[in-house]
Each structure stands twice: as C-alpha cells, then as structure tokens.
**Q** 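Take this structure first; my questions come after.
Note on naming: letters A, B, ... go to the chains in the order of the sequence lines (proteins, then strands), and numbering restarts at 1 for each one. Everything quoted here is computed from the prediction, not taken from an experiment.
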Number of protein chains: 2
Amino acid sequence: MTDSVAAAATTTLADRILTDLTTAIVEGDLAPGEKLREPDLARRFGTSRGPLRDALRRLESRRLVVTTPNAGARVVSLSAEQLIALYELREALEGQTARLAAERISEQELGELERLLDTHEQEIERRHGREYFRQQGDLDFHFRIARASANALLYDTLCVDHYQLMRLYRTKFSNRVGRPHRALTEHRRILDALRDRDGELAEFLMRRHIRTARSAIAETSAVSSNKETTS
Amino acid sequence: MTDSVAAAATTTLADRILTDLTTAIVEGDLAPGEKLREPDLARRFGTSRGPLRDALRRLESRRLVVTTPNAGARVVSLSAEQLIALYELREALEGQTARLAAERISEQELGELERLLDTHEQEIERRHGREYFRQQGDLDFHFRIARASANALLYDTLCVDHYQLMRLYRTKFSNRVGRPHRALTEHRRILDALRDRDGELAEFLMRRHIRTARSAIAETSAVSSNKETTS
DNA sequence: ACTGCTATTATTGTCGACAATCTAGCCCGT
DNA sequence: ACGGGCTAGATTGTCGACAATAATAGCAGT
C-alpha cells in the first residue's frame, strides 16, 4: 500500500519506531519544535538507542525532524516562509507528475480517478466532508496522479519524502468555506486534461491548483504575522 | 562552501565517513551495485559500525546507496529508465528554481553568473574545457540559480539530496562534440531571461535545456540496449 | 550430474556501557 | 544586583559484544 514494490515482510525495530514516531508527530502527540531526547524515546518504545537513532535519521530525510550535531533532534517547525517554500516545491513536482501522467496513465487508472472524485463529491454534499476525510481524499487524488506518472523518483520524492510533512501542515489552512467545491472542480478539470492526453494543460491546471492553496496560506500567515506585530 | 548556513564547526565521525564514502562512490572507487559490508567499511575508516550505519542512512537519503532490510546496502546502480526519471525530476525542480530566481535574484548574483559564463567560454575555447572541469562548471551554474531562487527546500532537494547522484551519472553521457558550445549558449539565454526578470521564459529555457540533455541520454541508452539485444 | 536439504559462516540488527560534549544551576567577584 | 566562570548533571557520540537473520558451501539422494 505504502511502498512501490512488494515490501519485505520482515520488519525491523527501527521500522516500527519510524512509523510510530511518524504518527506521533503527525497526530500532534509530539509538538512542532519539541526536543526529542533519545533516552526518553527509547524507553517509550521499549528499545535501545540504536534503532531509535536509525529511525530519527530516516525521519530527518523525510524532513519531519531536524538534527544538529551534539544537540539532538527536534520535531520540525516550519515558518510561514518555509511552508510557502514547500508549496513551491510541490507546484514544480506535481506539475511534472501531471504532465507525465497525461502521457502514461492507463484507462483503468483514469476510471479509478473518476470514481474517487465521485466519492469526494458525495462526501462534500452530505457534509460528511469534514476536514479530516476530505484532506486524505485530496492527497489521495494527488498521489494517484504521481503514481500514474510512472516515475518512481518523482513518486518517492512526493509521496514518501514529503507526504507526512504535507499532512502535518495541511490541517491548519484548508478550511475556507466553499473551497471544497472549488477544489473538486479543479480536480475534475485536471482529470479531463489527463483523459485528453493533454500534458501541457494538465501541468498548467495542477500548478494553478497548488498555487491557489499556497496563496491561501500566504494570506493567512500574513494576517497572523500582522497580529504578532500588532500585539 | 557546501551547506547553506554556517555549518557547525564540530564534525562527528559519521560526518567524516559520509564525505569519504561519498567521494569513494563518486570517484568510482566503489562501483555501482557493489555490496557495502559494514565490517569492511568500518575497518577501512577505522571506526565502529555505529557511525558507519549512520553515514549509510544519510547516503540512502541522498540516493547514493540502496538498502534492503537484513540484506545490507549496495552502491546505487541506475537503470537507463531511472536515469531518465532523474532528469525528469531535475526538469521540474530546476524549471521552478529558474522561475523563482528571475523574481528574486540580486544584481550581485547576476554579475557573478555572468562572470562564471565568461570563464566557461574561455575554458571551452582553449580546449582546457575537457570533461571534468566543464561538468563542475555546468553544475555550478545550475546550483547558483537554485541558490538565487531563495527557496531553501528546493535548493536542498537539488544541491544536497541529488548533487552527488548527478555527478556520478553525468560523466558517461555529456561528451558529444559541439555540445559545450550549445550548452553555453543555452546558459546565456537563461541568464538573459533572469536579467529581464522574465520568470516564465527562464523556466521554459531551463526545462528545454535539461530536456536536451535527457534526450541525449535516451538516445545513448537506446543504442546500448540495442547492442545488448544484438549481441 | 543435478537438485534439495543441512550445517556452517558471515552479515545485519540490537543492546548496554563508556567517552565527549553540551546545558543548567550555583558561586563568586565586581 | 548583575555578569562571568565553574561545577554537576544530562544528553549525544562511539564502541564492542551478543542475537537473529540471511548467504554459502557441503553433502546426500535420486
């Protein structure tokens, strides 16, 4: 489900710690900026510090923790500037996945995408479309396109290296009224472009779609930074 | 020189191993696909396996080694398909850096880029422009633009995570006659676009520039795979 | 000779302890 | 009272040894 090719059945301790720590961070159990003390965490997961350090290193490569030599690891805490940078990265990567997907997506994948968007529409209409599920679904749409781009490196960079980071910083900003409908429409247009095998248009629409989300963030953070300077 | 902000003066053992192993891989001292046995490497670098495993994990995040659980690490060995995927990733990332750099680059950085290209021209003319130096210079141009994009995440993804991998797989393909001149011209056009603050054009030119290199690779690998099937 | 199993070996995964470094609180001098 | 240096505690970095898993070589049987 998560990885590309059939993952090895054997699961090492560091693997388990990695997933547990990841959920702990994303669910907010470990707050952004919080110090991650190796002895504490080792006790918490019932292992020694060896596998734990291993897991921390992998979390670092997924940008969920930042480490400074001799000073340990902290949960990542993105500034508004860094969050915008993340969206600028997404815009580039996902634009390319859309372009490539238009050339390479299969009929079956097109059908699955269509059904996915139908589900989203229903969710939004009966207002079960509350944040949590909708967000997951939104990312699901984006990641299926990444998979359809048939570029494992692009897929990994997006869906492995930055997936949890996006999840972590998504909650706070995508709750403007009317946005779900708008986003769904944008998704449908992108799907149309894919079906037409129009890579150029698919990229254009995908980039604009992400840029829209980025703008919302930029506004929000501008407001909050104003509040800071005012208070 | 390598990192963005002033790197901490303290250098841990894992850091030293990381750089040494990186050069060993890029210089070809460790061949692609070669098994990396932890006890051997630990002896080679005169440390224990702890810091070595640490370094291996970081090399994994830079995609220079691939690790499978309980089976150890190997030096990366890209297939033609994966190499093309790398260039598709570069096209997306560097196109975006060019676009952003057009908005954000300083006059001083513009001047430095111009001087760099002048140096390249001289190198090419007196045919000191043999592969090694030219490649370094080429990457230098690309990375200065990444820096000028003022997006630390984009810069790191390109210049930290994928730099050595690009170095490793660059030697083999960029030696077509006349290509240096052509590439220099393309670089100058990109610089023009940056100076004009024309982000859209800068992105277009950068993407085409990288796509050209990718096509050369696709041809070469097609030829070699033909040879394989013929033999 | 070849296939399949078994035992040995080697390599990776994990652990606890020691050394080096950083952090925090205290004491002292001005 | 305030600041600087010093000591004590805690935390990270490193090491060597043990356990678990995988790879290999040898052997037996067909």
**Q** Find the distance A/Glu60:CD to D/dT12:C1' and express it as a whole number of Å.
**A**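 After rounding, the reported distance stands at 14 Å.
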**Q** Rounded to the Å, how far apart are A/Asp54 CG and C/dT12 C1'?
**A** 11 Å
**Q** Return the value, rounded to whole Å, for the distance between atom CG of B/Leu13 and atom C1' of C/dA19.
**A**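 Rounding to the nearest Å, CG of B/Leu13 and C1' of C/dA19 are 12 Å apart.
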**Q** Angle between ring planes, A/Phe141 versus A/His187, binned at 30° and 60°: parallel, tilted or perpendicular?
**A**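 Taking A/His187 first and then A/Phe141, their aromatic rings lie parallel (interplane angle under 30°).
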**Q** Within this structure, what is the CZ-to-P distance between A/Arg43 and C/dC15, rounded to whole angstrom?
**A** 14 Å
**Q** On the 0 to 90° scale, with breaks at 30° and 60°, tag the A/His209-A/His142 ring pair as parallel, tilted or perpendicular.
**A** parallel
**Q** Which pair of non-hydrogen atoms, one from A/Val65 and one from A/Leu56, has the smallest distance, and what is that distance?
**A** CG2-O, 3.7 Å
**Q** In terms of side-chain heavy atoms of A/Ser48, which of D/dT11, D/dT14, C/dG16 is nearest?
**A**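 In terms of side-chain proximity for A/Ser48, the closest of D/dT11, D/dT14, C/dG16 is C/dG16.
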**Q** So, A/Arg63 and A/Asp161, do they make that salt bridge, N to O below 4.0 Å?
**A**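 Salt bridge: no.
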**Q** Nearest of D/dT12, C/dT14, D/dT14 to any side-chain atom of A/Asn70?
**A**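 Per side-chain heavy atoms of A/Asn70, the pick is D/dT12.
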**Q** Give the nucleotide from the list C/dC15, D/dT12, C/dT11 with an atom nearest to the side chain of B/Lys35.
**A**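 Among C/dC15, D/dT12, C/dT11, the one nearest the side chain of B/Lys35 is C/dT11.
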**Q** Could you tell me how far apart B/Arg49 (CZ) and C/dG13 (C1') are, to the nearest whole angstrom?
**A** 7 Å
**Q** Using a heavy-atom cut-off of 4.0 Å across all strands, would you classify A/Gly72 as base, sugar-phosphate, or nothing?
**A**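 If one applies the 4.0 Å heavy-atom cut-off, A/Gly72 turns out to touch the sugar-phosphate alone, with no base involved.
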**Q** Within the supplied structure, the quantity of interest is the number of heavy atoms (other residues, nucleotides, ligands) at a distance under 6.0 Å from A/Glu103 CD; does it exceed 12?
**A** yes
**Q** Check whether any side-chain N or O of A/Thr12 sits under 4.0 Å from OP1 or OP2 of C/dT14, and answer yes or no.
**A** yes
**Q** When the distance from CZ of A/Arg53 to P of D/dG13 is rounded to whole Å, what number comes out?
**A** 5 Å
**Q** At 4.0 Å (heavy atoms only), tell me whether B/Leu36 reaches a base, stays on the sugar-phosphate, or touches nothing.
**A** sugar-phosphate
**Q** What is the distance, rounded to the nearest whole Å, between atom CZ of A/Arg74 and atom P of D/dT11?
**A**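 From A/Arg74 CZ to D/dT11 P: 12 Å.
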**Q** For A/Leu56 and D/dT11, give me the distance from atom CG to atom P, rounded to whole Å.
**A**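 Result: 14 Å.
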